[in-house]
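Following: one structure in structure tokens, then a few remarks.
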Amino acid sequence: MSTLLTYIAVHDGKIKRSSLEVLSRCNELAAELGWESVALVLQPDATKAIEGLKPYGPAKIYTMSHPHFHQHLTTPLLRAIGHAVKEIQPRVVAFASTEGSKDLLGALSAAHGSAALPDMSEFSIDTEGVSGKRPVMAAKILSSVRADGSPVFVSVRSGSYNPEEREGEAAVQELSFSFNDADLRTTLREIVTATSDKIDLSEAETVIAAGRGVKDEEGRALIRELADVLQAGVGASRALTEAGIYDPSLQIGQTGKVVSPQLYIGVGISGAIQHVAGMSNSKVIVAINKDPDAPIFEIADYGIVGDLYKVLPPFIDEIRRIKSA
Amino acid sequence: MIHFYVCLKQVPDVYAPLQIKDGELIQDSGRMVLNAYDASALEEALVLTEKHGGKVTAVLAGPEKAKETLRKGLAMGADEGVHIVTEEGSAYDSLYYAGLLAAFFRDKEYHFISCGKQSQDTDAGLTGSMLAQLLELPYATNAVGLTLEDNRLLVKRQGDHGQEMIELPSPGLVTCSNDMNEPRIPSLKGIMQSKKKPVETIQASSLTGDGIRSVTTLLGYEEKPKREPGQKFEGDPEELAITIAGLLDSKENLM
Amino acid sequence: MEDKFDCIIVGAGVAGLAAAMTLARQNMKFLLIERGEFPGSKNVSGGVLWGTDLHRLVPEYWKEDAGWERYIQHRRLTFMDEQSAFSIDFKSSHFQEPPYTGVVVLRSRFDRWLAEKVQEAIDASDYAMDSFIATDILVEDLVHDEHGQVVGIRAGEEEFHAHCVILAEGVNNLLTRKAGLQEAYVPADHMLTGVKEIIRFDQAVLEDRFQLHGNSGMSNEFIGYATNGVEGGGFLYTNRDTISIGLVLGLKDLREKNQKPYDILNHFKTHPAIADMIRGGEVVEYSAHVVSSGDNRVMPKKLSKGGLMVCGEAANLLLNAGKAIQGMDYAMRSGILAAEQAVASKASGDFGESAMKGYEKALNDSYIMKDIRNFQDAVHLLHDPVMTSKMPNLICDFGRNFFSIKNQPTKKSRAMLHDSIQKHASYWDLLKLGARGAKAL
Ligand SMILES: Cc1cc2nc3c(=O)[nH]c(=O)nc-3n(C[C@H](O)[C@H](O)[C@H](O)COP(=O)(O)OP(=O)(O)OC[C@H]3O[C@@H](n4cnc5c(N)ncnc54)[C@H](O)[C@@H]3O)c2cc1C
Ligand SMILES: Cc1cc2nc3c(=O)[nH]c(=O)nc-3n(C[C@H](O)[C@H](O)[C@H](O)COP(=O)(O)OP(=O)(O)OC[C@H]3O[C@@H](n4cnc5c(N)ncnc54)[C@H](O)[C@@H]3O)c2cc1C
Ligand SMILES: Nc1ncnc2c1ncn2[C@@H]1O[C@H](COP(=O)(O)O)[C@@H](O)[C@H]1O
């Protein structure tokens, strides 16, 4: 039987929603084809991380444990995934599209002499290979692509599919993994982690994005307050991450993160195509901008023309009132 | 004397109006530009070699017409150029270019190869790590800052949850984000000098090696599903705020 | 310091490119500087390049499938009131043979194509390695010698020297003013603003709708309701699979009537005659740009001084006398003339004030200045309120009566005209207009 393998990303012991989205899609495809959908978890202690995975019904969960998996270390990850591919012989290896998987996809594809399809917004599988669609030209249009052979390495944009629980008991199989530190070709000296993001941006149901219009501490405080009442994740445009006002991990857009929340509120953001590339799949888009000709209004469902410093306080109050009613 | 090779790609201008006709992508102006991420990679290499001494070679694989993009790299300040000439009008994927570049680099000596983190038009982001794999080089992707320390690159890499400081030995490969700098615009003098800088021209067909092939197929292009047109509200900020908050609650059920 | 150039041209619009092409062909060592990212990137234009000078620059350009959109075979001038359109329409197979009398161009494509042709000419010249087209560079100032003669330009920290400089910087002629050839402050009263949209169609639909075949095209100018009472006019040109539609509006009038160009354009597009033409199309681009009015009250006092010549719209060379906007052809010809003067000066070694005057003289003797002088009255007339509203209303009213058949005794056309005049303008207005019109055209 042919196998579809989903790589499960775990952060702080928690399985990333985007990985579950990909896994759910693979489950669905496997069911259609009569194939098997399996998952791979790489963690310092992988058995701990898999509880949250079981309800999402992969036929099998492969685990590898090694202290190196605590961080993103390129060489050990490449080795481990390479090893898993050899053991499992999957037709397709699917990832959620994250900086982590972007780091690996090309090398995996070259190492196996097979294709990579990165950042897909939808994909399907047949007996020959993988086909699907991915946004191009700063996400202005879609291209249809196809890759035959195996294994095909695929990564999927977050928000493309819904995570769905399903019945069935997953078998767990530990794969051995050893690593000689002499093989670490690069040295990770330090990790500077952003502490501020309480809510993971790429998984948030509501995202508040701040742009250059948010000029000062007062503006940031308003953003924070709005995020608090809506329990939203906070993101930013390049203008503000570059200025060091928001952490670079919070950048939304072509270079940064792709978000697809139920509600996106862009505050003081002009709507440059590279920013829009990262948020245009949001379900409802609200824009607050004092320039009536700002391009963001072209895609906003609700465009508020006004000064954010005047609009946000009553907006926050009103939401608070609605919430408490 | 540190020697950087920077890989430059010519890409269609994403700002130019485009249309899709029978599944084909047509750009009215057909305008091509230097990939923005590559411009940042080049800028950083120039800054580092200006500071520590060294040489920057720009490498571009593309059709004859793409030479103007290589010239731009030289006008920015690269010392010399390499043009690997591919066939006009052919569609190649990242693995093809990585294979081609690997064949070129195989017998070269260098300290670092620097690529853009992704192509601006396709956002693929594969070529860099493919090339590293083919050349068996250590690599780091998505650099947002580079420092040179005794022939080692200290790479500040933007990860999913924070930034990592990675020490990359030479020879090695790094892919650059454009979050790290503002690429210089060539000066008049730079433009004039670029014409006289050495450019080596190599026919792609003369480069051999296994793996110089495309493994993906582009089937066509289509429009993204259109968003329903939205509404723009102007007027008293207080009233607007209340109206919209109300709509988000009653109409969209988002509260 | 690099060797001196024979000439530095500022601005790679039509005028600058025409000058550059002429210099390259004449084996001159020159530098063409454009502040946009590429030639054409900053240029907005509705788009008919009239006349045959293009053929002079790029012989048999029509054999190339690049740069231009369609040749003009069909011309139409339309008077509008709120509901009606009365057109003078001319189509002729005379216009079908090259060299064409006019071609529609989209500047971002055309300028880039012409720049490529200039580069080819440079490559074929003795100065293949020493003449340059440099983009993304803003020329900030001119460099003078101790006698006040222009000897170069400054861009940022860099200074480059040349025997002469040609300013082809377009309507926003800051350097021309800095050089003291024009008042530093030009009142907006005599300036216009152009707004334009490009609307895309399926090519077959476009060709059917406008009755085009092959590369044939149509130009249509509009007077009246088009501008919603603001002085100015409208235009519609067919490109390959798009149309350029837009308005040229008086800045002063816009301000006084507190109207926005974009709103007027939208209003224009709802006119039944226009709505029928653009139905089903998709707007793919919108742009706006200042245009000079061609009113010689705002022309620079002088177009040259020692080491310096000004051409194209920087010299306010533009004519909008109702039946067409002529700016690009003037730009092209004046660029050629300035370059020819540079070539002559190189031969004589004289780039002084009187030598440069040779360019002004050539310009004066050319069709450009003749037309501009002869049609000044028409220009003033076109910007007269009588022309923007009363006259079109009158014509349309007449048309409506003339073409209606009501199963009633029909009045003689003369009487109909009388009625229309009574309604929309006085005989006195018309008399004035007639007299001025006769003089103007
Ligand atoms: C290859 C490439 C990749 C890029 N990737 C990204 C990316 O991933 N993410 C990203 O965001 N950008 C990216 N950019 C940059 C992008 O092009 C824009 O420069 C950036 O998004 C602009 O950010 P902004 O909208 O905050 O700022 P601006 O464009 O300066 O807009 C600020 C807006 O705030 C409004 N404003 C100001 N004051 C107020 C006020 N008091 N009240 C209300 N409104 C106000 C203004 O009207 C204006 O519209 C990329 C660029 C390139 C070339
Ligand atoms: C809406 C509209 C419709 C029109 N329709 C027509 C028409 O149908 N037919 C017609 O013949 N004309 C038309 N015109 C007029 C025509 O566009 C102009 O007359 C013509 O473009 C003038 O050419 P130019 O080369 O003098 O200037 P431009 O085309 O304006 O070129 C000037 C160039 O100089 C560059 N530049 C300026 N300053 C500097 C500097 N300091 N350093 C470096 N570079 C600089 C600019 O970026 C620009 O590229 C129209 C104009 C508009 C706005
Ligand atoms: N044809 C090419 N010539 C030179 N460099 C290239 C080429 N194709 C890709 N690259 C490099 O790889 C990066 C993009 O990879 P990708 O997103 O896979 O297309 C670019 O930023 C370049 O640095």
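Please read all numbers here as calculations on a predicted model, not as lab measurements. These numbers come from the heavy atoms of this one structure, side chains and all, not from hydrogens, waters or symmetry mates. All chains are named by letter (A, B, ...) in the order of the sequence lines, taking the proteins before the strands, and each is independently numbered beginning at 1.
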Considering only heavy atoms, which portion of [X] lies under 4.5 Å from any heavy atom of chain B: side chain, backbone, both, or neither?
{"X": "Ala155(C)", "result": "side chain"}
{"X": "Arg240(C)", "result": "neither"}
{"X": "Leu138(C)", "result": "neither"}
{"X": "Glu116(C)", "result": "side chain"}
{"X": "Ser41(C)", "result": "neither"}
{"X": "Ile33(C)", "result": "side chain"}
{"X": "Asp241(C)", "result": "side chain"}

### Query
Side chain, backbone, both or neither: which part of Ile185(B) has a non-hydrogen atom closer than 4.5 Å to chain C?
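The side chain, not the backbone.
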### Task
Look up atom NZ in Lys195(B) and atom OG in Ser131(C), then write down how far apart they are to the nearest 0.5 Å.
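One finds 7.0 Å between NZ of Lys195(B) and OG of Ser131(C).
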### Message
Nearest 0.5 angstrom please: Phe5(C) CZ to Met192(B) CE, how far?
### Response
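Atom-to-atom, Phe5(C):CZ and Met192(B):CE are 3.5 Å apart.
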#### Entry: Closest contact, heavy atoms only, Ala134(C) versus Ile191(B)
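For Ala134(C) versus Ile191(B), the nearest heavy atoms are CB-CD1, 3.6 Å.
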#### Entry: Minimal non-hydrogen separation, Lys189(B) against Phe160(C), with atom names
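Shortest heavy-atom separation between Lys189(B) and Phe160(C) comes out as N-CZ, 3.9 Å.
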#### Entry: Contacts with chain C made by residues 8-27 of chain B (heavy-atom distance under 4.5 Å), listed by residue number
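Listed by number, the contacting residues are Pro17(B), Leu18(B), Gln19(B), Lys21(B).
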### Check against side-chain contact (heavy atoms from CB on, under 4.5 Å), Leu188(B) and Asp136(C)
CA-CA 9 Å; Leu188(B) 262 174; Asp136(C) 230 347; over 6 Å; no
### Task
For residues Arg31(B) and Arg109(C), determine if any side-chain heavy atom of one lies less than 4.5 Å from a side-chain heavy atom of the other.
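No; the side chains remain at least 4.5 Å from each other.
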Within a reach of under 6.0 Å around [atom1] of [X], are more than 12 heavy atoms found that belong to other residues, nucleotides or ligands?
{"X": "Lys224(B)", "atom1": "NZ", "answer": "yes"}
{"X": "Lys260(C)", "atom1": "NZ", "answer": "no"}
{"X": "Gln203(C)", "atom1": "CD", "answer": "yes"}
{"X": "Glu238(B)", "atom1": "CD", "answer": "no"}

